[in-house]
Visitor: 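Have a look at this one.
A, B, ... follow the sequence lines: proteins, then strands. Residue 1 opens every chain. Please read these numbers as outputs of a predicted model, since none were measured by experiment.
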2 protein chains.
Amino acid sequence: MSSALPKAARRGLADEAADLVRAAIFSGHFPPGAPLREVELAERLGVSRGSVREGLARLEHEGLVRGGWHRGTTVIRVTAEDAQEVYALRAALDRLAATTARRAATAEQLSALDRLVAEMAAEIAEGGDAPRLVALDIAFHDQIYAAAGNGRLTSAWEAIRSQVHLFQLRRVDVAYDHYRARVVDEHRELAALLRSGDIRTLARRAEEHVESARRSLLAGLPTAP
Amino acid sequence: MSSALPKAARRGLADEAADLVRAAIFSGHFPPGAPLREVELAERLGVSRGSVREGLARLEHEGLVRGGWHRGTTVIRVTAEDAQEVYALRAALDRLAATTARRAATAEQLSALDRLVAEMAAEIAEGGDAPRLVALDIAFHDQIYAAAGNGRLTSAWEAIRSQVHLFQLRRVDVAYDHYRARVVDEHRELAALLRSGDIRTLARRAEEHVESARRSLLAGLPTAP
DNA sequence: CGATCTTTCAATGTCAACATTAGGACAAGA
DNA sequence: TCTTGTCCTAATGTTGACATTGAAAGATCG
């Protein structure tokens with residue numbers, strides 16, 4: 001009912017290529033600053049340059065890569081200024097998403113949030129694989145945006161989602177203990193506020209949640225080139 | 001004249017095509033729901049289908065058109081729900097842009113805002129061409145986002161900018177008197193608050209400015225198909 | 001030896017042809 | 001008449017070749 005079951009959306013090669021390259025960036029195969037040559041990717045992925053080009057354009061709109069006229073495409077670098085920009089925007093978007101979802105969320109969607117928190121706790125109990133925890137973190141916020149039900153808001157989130165994902169991966173690299181100690185509690189509180197919390201408190205906590213992530217990343221970033 | 005002069009960035013045919021099609025949509029040549037066929041546009045603009053395709057992808061990321069797999073591209077329709085989504089997001093973005101610009105704006109950028117307000121007043125005195133007033137309105141907010149200096153925030157604004165432009169054109173169609181009577185005053189107040197206003201007041205007024213636009217459009221929308 | 005102009009080339013921008021598909025026209029059956 | 005299955009066509013998805021360009025290597029001059 002929320003999102004109908006027939007997710008049989010048939011996609012083109014461009015989306016496929018974008019997914020593959022995005023995964024390669026997250027896995028570290030393409031480090032920050034690495035050039036993404038169209039011909040090379042086309043050969044490696046077994047598709048034409050046109051499709052690769054379209055896929056790269058999509059990644060560019062996600063902010064994961066940057067490109068200029070006749071100057072190629074490269075993976076973005078994670079500078080302190082970039083983090084400031086992304087997290088400032090994310091705070092505003094998360095605030096709106098949370099307050100909107102507070103009114104619009106269905107019982108099923110609220111349960112999905114609880115389920116994700118439980119998965120985080122289970123993951124930590126089993127040792128705590130950092131990339132998987134980050135994936136669950138992102139999925140949690142995806143669910144909030146879905147519950148808000150504002151397509152444009154979701155698009156705005158998707159435009160910085162991959163960057164946030166990349167930044168969070170970097171964050172667990174520089175401050176895993178801090179992250180591991182707070183993930184479950186912070187998200188559990190957000191889930192509770194979304195179910196039956198005061199709107200103003202929810203708005204404030206949603207912003208503070210992002211602020212916490214920003215500080216955690218920035219604390220370990222400027223020292224590392 | 002709208003933005004800084006260093007606009008010498010050499011662009012490709014895709015951008016050119018996107019600009020042309022966007023202007024055609026604003027002018028009413030392509031009404032809401034109209035299909036945008038690649039071959040037809042390629043012939044009329046004198047470029048290849050590839051460039052048109054890339055340009056249409058850009059317009060899709062601006063939210064001006066919608067497209068599906070093998071289902072072509074069509075101009076969006078202006079429904080009440082669409083307006084709700086766009087204006088809710090715009091309120092959040094404008095709020096962040098205003099509060100950020102309050103600290104970061106230079107004297108030159110603040111003067112540019114005053115200049116735009118003066119142009120609005122002059123335009124009204126000379127009769128008041130609706131499309132030109134809307135263009136100045138949009139340019140005013142462009143300037144605020146530029147003053148904020150957050151690239152990601154500006155990108156998020158650009159993702160709904162064309163939709164807002166389209167909605168505002170529709171708004172002056174259904175409630176021109178209401179618009180004409182308030183544009184100058186509302187923007188003059190925003191400019192003053194950006195120069196020397198309280199942050200909280202500024203945040204509230206920035207949101208209310210959008211809320212005012214939303215109500216004005218919605219009041220005349222549901223009746224028209 | 002350093003600076004500036006020229007050349008070169010690898011990579012991107014553009015294009016037109018081929019392959020695939022969604023949606024409608026049409027006809028057979030209940 | 002309504003449903004269902006088939007076919008057809010117009011439009012999009014995909015591809016490899018050709019044109020253009022930015023930047024670095026090389027040459028020339030002061």
Visitor: Does A:D129 offer a backbone N or O that forms a donor-acceptor pair with the side chain of A:E123 under 3.5 Å?
Guide: yes

Visitor: Residues in side chain to side chain donor-acceptor pair (under 3.5 Å) with A:R152, at least two apart?
Guide: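 Checked A:R152 against side chain to side chain donor-acceptor pair (under 3.5 Å); matches are B:D82, B:E85, B:Q163.
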
Visitor: Could you list the residues that satisfy ring pair (Phe, Tyr, Trp, His ring centres under 6.0 Å) with A:Y179, not counting sequence neighbours?
Guide: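 A:Y179 satisfies ring pair (Phe, Tyr, Trp, His ring centres under 6.0 Å) with no residue once adjacent residues are dropped.
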
Visitor: Nearest whole Å is fine: how far is D:dG13 P from B:R53 CZ?
Guide: 4 Å

Visitor: Under 4.0 Å, heavy atoms only, any strand: does B:G50 hit a base, just the sugar-phosphate, or nothing?
Guide: nothing

Visitor: Once ring pair (Phe, Tyr, Trp, His ring centres under 6.0 Å) is applied, do any residues pair with B:F167, and if so which ones, sequence neighbours excluded?
Guide: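 Not a single residue meets the ring pair (Phe, Tyr, Trp, His ring centres under 6.0 Å) criterion with B:F167.
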
Visitor: Grab the CG-C1' distance between A:D15 and D:dT14 for me, whole Å please.
Guide: 14 Å

Visitor: Under the side chain to side chain donor-acceptor pair (under 3.5 Å) definition, can you give me all pairs with a residue in residues 39-49 of chain A, not counting sequence neighbours?
Guide: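 Qualifying pairs, neighbours excluded: A:E38-A:R49.
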
Visitor: For residues 18-64 of chain A, pull every pair meeting ring-ring contact (aromatic ring centres under 6.0 Å, His included), keeping only residues two or more places apart or in separate chains.
Guide: A:F26-A:H165, A:H61-B:H61

Visitor: Applying ring-ring contact (aromatic ring centres under 6.0 Å, His included) as the test, list every pair that has at least one member in residues 77-118 of chain B; sequence neighbours left out.
Guide: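 For residues 77-118 of chain B, and leaving out neighbouring residues, there are no ring-ring contact (aromatic ring centres under 6.0 Å, His included) pairs at all.
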
Visitor: Give a yes/no on whether any side-chain N or O of A:S51 is located under 4.0 angstrom from OP1 or OP2 of D:dG13.
Guide: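 Answer is no, no contact under 4.0 Å.
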
Visitor: Any protein N or O atoms within reach of nucleotides 23-25 of chain D? Criterion: under 3.5 Å, listing atom names and distances.
Guide:
none

Visitor: List in numerical order all residues of residues 31-46 of chain A for which some heavy atom is under 4.0 Å away from an atom belonging to DNA chain D.
Guide: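 Those residues whose heavy atoms fall under 4.0 Å from DNA chain D, taken from residues 31-46 of chain A, amount to none.
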
Visitor: I want to confirm an ordering. Mapping A:V47 and A:H70 to their closest nucleotides on DNA chain D, which one lands closer to the 5' end?
Guide: A:V47

Visitor: Could you state the CD-C1' distance from A:E54 to C:dT12, rounded to the nearest angstrom?
Guide: 16 Å

Visitor: Any idea which of D:dA17, D:dT14, C:dA16 is nearest the A:R49 side chain?
Guide: D:dA17

Visitor: With sequence neighbours left out, write down each residue that passes side chain to side chain donor-acceptor pair (under 3.5 Å) with B:D15, or none if nothing qualifies.
Guide: B:R58

